[in-house]
Amino acid sequence: MNLYYLNTPDEATMRGALIEAGAATEQEGALIPAAGITLDVIGPWYERTGGTDEEPVYTALPGWHFNVYSNAPINWPESVTVTEPATPWRVLG
C-alpha cells in the first residue's frame, strides 16, 4: 500500500490532479476513487501557532490538503506537492 500526503493550491487543482493521475473520476460533481484507491479530502489545514490553552491561535497552512492510499504507485502531476508530515494523523499500519 502507498500512502501519499498531498496538497495543491486549491480544490479545483486537486480535483484536476486526481483525475489526471488516474486516481479518481468525476461524476455529477462527485469525486469517485479509482479501483484500489482511497481518498481522504482534508481541505484547509490549520496548525496551532500560539495563544493559550484557553484561547489557542490557529493559522491556515497554504493549499488544499488531501491523502491518497493506493495499491499501486502513482505519478503525480506538477500541480501536486507531496509532503511528509512530522506527525501525520493517519499512517499505514
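All heavy atoms count here, side chains included; hydrogens, waters and symmetry mates do not.
Residue H65 holds its NE2 atom at 14.0 Å from CG of D40, rounded to the nearest 0.5 Å. For the atom pair E11 CD and L31 CG, the distance stands at 8.0 Å (nearest 0.5 Å). Taking CH2 of W64 as the start and CD1 of I42 as the end, the distance is 10.5 Å to the nearest 0.5 Å. Going from atom OG1 of T38 over to atom CE of M1 covers 6.0 Å, rounded to the nearest 0.5 Å.
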- Task: Determine, stepwise, if the pair L18 / W76 fulfils side chain to side chain contact (heavy atoms under 4.5 Å, CB included).
- Result: CA-CA 8 Å; L18 288 167; W76 296 103; 3.9 Å; yes
- Message: Let's go through V57 and R48 carefully: what are the C-alpha distance in whole Å and the side-chain angles of both, what is the deciding distance for side chain to side chain contact (heavy atoms under 4.5 Å, CB included) to 0.1 Å, and is it a yes or a no?
- Response: CA-CA 6 Å; V57 174; R48 185 171 175 179; over 6 Å; no
- Task: For the pair T25 and I19, evaluate side chain to side chain contact (heavy atoms under 4.5 Å, CB included) and give the outcome as yes or no after the intermediate values.
- Result: CA-CA 5 Å; T25 58; I19 292 166; 5.6 Å; no
- Check the pair V80 / M14 against side chain to side chain contact (heavy atoms under 4.5 Å, CB included), numbers first and verdict last. CA-CA 7 Å; V80 174; M14 176 204 68; over 6 Å; no
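Note on W45 and Y58: separate hydrophobic clusters, where clusters join Ile, Leu, Val, Met, Phe, Trp and Tyr whose side-chain heavy atoms are under 4.5 Å apart, directly or indirectly. Side-chain heavy atoms closer than 4.5 Å link hydrophobic residues (I, L, V, M, F, W, Y) into clusters, and following such links, even through other members, never connects L39 to I32. Y46 and L6 sit in two unconnected hydrophobic clusters of ILVMFWY residues. Membership requires side-chain heavy atoms under 4.5 Å apart, directly or through other members.
Summarising the geometry of P9 relative to S79, their closest heavy-atom pair is CD-O, 3.8 Å, with the distance given to 0.1 Å. When every heavy atom of A34 is checked against every heavy atom of G22, the shortest pair comes out as CB-O, 3.4 Å. In terms of heavy-atom proximity, P73 sits nearest to N2 at N-ND2, 3.4 Å.
The closest donor-acceptor contact from the side chain of T83 to the backbone of Y5 lies under 3.5 Å. Y4 contributes a side-chain N or O that, together with a main-chain N or O of I74, makes up a donor-acceptor pair within less than 3.5 Å. Without hydrogens or angle criteria, T52 side chain to E55 main chain gives a donor-acceptor distance under 3.5 Å.
By the side chain to side chain contact (heavy atoms under 4.5 Å, CB included) test, P62 is found to be paired with no residue, residues two or more places apart in sequence or in another chain being considered. E26 pairs by the salt bridge (charged side-chain N to carboxylate O under 4.0 Å, His left out) definition with R15, not counting sequence neighbours.
The closest side-chain heavy-atom distance from I37 to V68 is below 4.5 Å.
A donor and an acceptor atom, one from each side chain of T59 and T49, are located under 3.5 Å apart.
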